[in-house]
Amino acid sequence: MTDVQSYLETPSSPNLKGIRAWLLTTDHKRIGILYMISILFWFCIAVTLGLLLRTELMAEGKTLMGSETYNAVFTLHGVIMVFLFIIPGIPAIFGNFLLPIQIGSDDVFFPRLNLLSWYLYIFGGILAVVSLFSGGPPDTGWTFYVPFSIQTESGVTFTVLAAFILGMSSMLTGINFITTIHRLRIKTMGWMQMPLFTWSLYATAWVQLLATPILSITLLLIVAERIFGIGLFDPGRGGDPILYQHLFWMYSHPAVYIMILPAMGVVSEIMPVFSRKAIFGYKAIVSSTLAIAIAGSLVWAHHMFTSGMSDTAVFVFSLLTFVVAIPSAIKVFSWVSTMYKGSILMTPPLFFALCFIYLFSVGGLTGLVLGAAGTNIHVHDTHFVVGHFHFVMFGGAGFAFFAALHFWWPKMFGRMYNFRNAYRAAILITIGFILHYIPMLILGLQGMPRRYYNYLPRFEAGNFFAGIGGFIMVTGIMLMLVNLVQGLRKGAPAVGNPWGGTTLEWSVPSPPPLHNFVDQPSVKSYPYDFTDIIQQQAGSKQV
Amino acid sequence: MNEVINPVHGVDQAFLYILGFSVVLLLGITITMIVFVFTYSRSRNPEPSDIRGNWKLEVLWTVIPSVIALSMFYYGWSSYTGLRNVPAGALEIEVTGQMYSWIFLYPNDKETENELVVPLGKPIKLNITSSDVLHSLFIPAYRIKVDAVPGMKTYAWFLPDKPGLYSMQCAEFCGVGHADMTATLRAVTVSEYEEWLKLEEE
Amino acid sequence: MNSRTPDKAGVKLGMWLFLYTEIMLFGGLFILYAVYYSKYTGVFIEAGKSLDITIGALNTVILLVSSFTVASAITAVQKKAQRSAITLVGISMVFGVLFLVNKYFEWGHKFEAGIYPGSPDLSDAEAGKSLFFGLYYLITGLHGIHIIIGLILLSISLYFITTKRIHATRFAVLENSGLYWHLVDLIWVFIFPLFYLIL
Amino acid sequence: MESSSHEHIISYAKLFGVLCSLLSFTAITIGVSRMDLGALNIWVAILIAACKASFILLFFMHLHYETRLLKITFVGTIGCLAILIGFVFWDISFR
């Protein structure tokens, strides 16, 4: 095992050197790292934009920026966070890096398509930047609601095209993952031996595949409307502006599950490893993953209870929303029960995962308020919604992303990071998070709408506290990233299986060699069987 | 008029019901998690037990949340019907959203901008539309919010029960002046209302 | 594990997955069609009468025949009849171009009659009429773009057949181009009755 | 995963037969569209189109000879689209 060269040292095309060995690579691990760099870049930008928004709101009236700038900043914050960070985040980085290894393959099925997806991602990002300078930054919010998005003179066309390209990138990744899982899974691994992270990526990929085209066509419609003025949503010519919202949410609600399902997959990996115990209810988690993917695609109109939609639709979609809540609850219960009678080792990834469970639960439970028709009317489009979806998207998907960074960092780079700093960062982020978003929930209940650069005087205290929390949180995020990067240089070398994991990625050296496996991987009949790990440890103690 | 039920109570009860259950569930999950982390830490419990599932428990925690979720749905829906079923004899006021103000048109063709004056104790039905892009009329005090959609009539109703000034805001993003698109709701006694209605616009 | 033999079934699966995304892409427009048809049934039927059934039917036949020739080309390649494969793909491409020529004249007529997206005639027409023609132009336009992409794919296949990179045991490129071409046909099969035949 | 790489060759005759039935379906659908069936018109047209589509799928696109995975996922995709269209009408028909 010692004389194996890692993928970091050997480029996938042996004749390539230097930067080209990265930019032209077809190795899924290198592409994963490329994604990591570009996604973290956009993440930092979007965090900065978000912080600017909250700083503006800390005091009543105009402080940092006026209304126009504010509208542009929250639009960009949303577009970047949604399309350039959360949607690709876990699948494109950790999915690319780990999915082939977890199923015992040496790469994804279409390696060159994989690289193309990355270039589309970069191209989409560049288009988003271009949109800033073509007629002024977009000011519609990331939802691009008609008729405003058709009438506004800002550079919405390019922003929309950027989202279109990013959608294509995510769709191609989805195609790649499904084909990989079906065709390249090692022969000895049946469906019920697949790690839960892979399962979650599989379900996600199907949602990406079937929902993204709807977004593509919706965005093309906006472009067509802006250029040709067809009037498909123009009430003056018989069009129906609400229909746009249907089309938009047909993608964008499932997109929430594109964001959260991989996050749930990450947590389902972390909980058993550090409890050194089988995941509680493997099959229940698999089926709830699939149930969320399917049912989650049918609840889109719960974003539209106040839109003027029919009351029958409100009834149906509210009911379905509560149906989706159940598989999520099952997952939370299963994760917590995994710890029961386990042998728990506290580490930064576990700490992040536990924060995930807590924050995601808050997000899910506040979601119930939004799912119920009567209460939704009051809090819809207020800061309550902003608080709620940040609990789900950031407290959920974001924290799982952080957990995944800390969990697989040693595997990806072969280096550990400083635990103490990691804990400090995690605590700062969590405390900052709670201080930041709980006031928003309260503000929403009091009736402060979202997307307001200015507000009534009675909302000032809440906004001020939220701002303070934001600064604490961002400090924590910076500390975390710096700590991880420092680990690359100063960190102790990591062994192949530093945590005692059972899935296949832990059976290879850290960082993995070019073709992933040195020996033929052996698949366990149950993916979370820790007997070997426990025996090994008992053996090493006696020695 | 006394039998008109104020829908605000229904909505608030639904809030309490859902939030109450949520807090209990959240506390339960969090405390269990913390207790487990300490009780079964590797130093205290070096030998994990191999438990892979328990179908009875799993069925239990599928069924109970389902029942809770459905009851929440029921509360949510019944409070929603309260917001939607306008009692007979409501006073109808036409509302138009525009960039960036609210226009209110009374039965006697009196028109006001950004000020809605209503008589106490009488159900008020607002017929809402928009003359340009989407807006949304939000009266937090009466728990109502409905989008103003161009080319379409939407409605909301409420029962002013306490005199005073209340804020109204636009809740659907509509452009540069979105945050400034606020209006005031003034609930006054019936006689004051009648008098006000007769006043010529100043 | 390192050297992989080409996995035809996998490539085909990937292609089908891509076709699903295409179906959903057009599906979005068909959602709009369904809603507006149900809202303005009368207007849609009236507007549909102004489309030329003869051209529509002709284009349907053209696409069906070209689909047949593409499918036959695969059979020909499998039977090692290289020359007839070339002829068949060639015919399909000619038909594809014919379709576009037809479409060009059809659109041209409508433009002359003052019916085009955002035209003053349509804006002043009764509610629903501009929706019908808006959808007509969007769907047939998007479909036309797909025909062009299909033609490019077919010409690549044609080139590969002549250079013998496609042969009896290896014809994934032709097969996938064929699948794409059939999908384009498939969508036209629905466009034709929904726009030309609602009378 | 078992692979169905036994290449199935469809004869020219069969393909031609499919083409003929497609053309006759086209003739039928044009003929039917001239009859006034009221609200049924659109459904008949869609039904015939669906028949044509399945012929193209099953034989021109070889779906008849493909693995169960492809068949199931294809039907799933169409089902998904049908549900999306159907669910929009919860709103449209009751507004």
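All figures in this text were calculated on a predicted structure; none of them were measured in a lab. Lettering of chains follows the sequences in order, A, B, ..., and the numbering in each one begins at 1.
At a 4.5 Å heavy-atom cutoff, the contact between B:Leu70 and chain A is made by side-chain atoms alone. At a 4.5 Å heavy-atom cutoff, the contact between A:Ile534 and chain B is made by side-chain atoms alone. The contact between B:Thr154 and chain A is made entirely by side chain atoms (from C-beta outward), counting heavy-atom distances below 4.5 Å. Heavy atoms of B:Met152 lying under 4.5 Å from chain A belong exclusively to its side chain. Contacts of B:Phe36 with chain A are made by both backbone and side-chain atoms, with heavy-atom separations under 4.5 Å. Contacts between B:Gln169 and chain A at a heavy-atom distance below 4.5 Å involve backbone atoms as well as side-chain atoms. For B:Val149, the part lying near chain A is the side chain, with the backbone staying farther off; criterion is any non-hydrogen pair under 4.5 Å. In this structure, the portions of A:Thr375 lying under 4.5 Å from any heavy atom of chain B include both its backbone and its side chain. Contact annotation for A:Phe360: neither backbone nor side-chain heavy atoms come within less than 4.5 Å of a heavy atom of chain B. In this structure, the portions of B:Arg143 lying under 4.5 Å from any heavy atom of chain A include both its backbone and its side chain. In this structure, the portions of A:Asp529 lying under 4.5 Å from any heavy atom of chain B include both its backbone and its side chain. Only the side chain of B:Leu83 comes within contact range of chain A, with heavy atoms under 4.5 Å apart. If you measure heavy-atom distances from B:Ile68 to chain A, you find no contacts under 4.5 Å at all. Heavy-atom distances place no part of B:Asp12 under 4.5 Å from chain A, backbone and side chain included.
Residues B:Arg44 and A:Ser343 bring no donor and acceptor atom of their side chains to less than 3.5 Å of each other. Donor-acceptor pairing under 3.5 Å is recorded for the side chains of B:Ser101 and B:Glu113. There is a side-chain donor-acceptor pair under 3.5 Å between B:Glu192 and B:Thr189. No side-chain N or O of A:Asn454 forms a donor-acceptor pair with one of A:Tyr70 less than 3.5 Å apart.
The most heavy-atom pairs under 4.5 Å with chain A, out of B:Thr32, B:Ile139, B:Ile51, come from B:Ile51.
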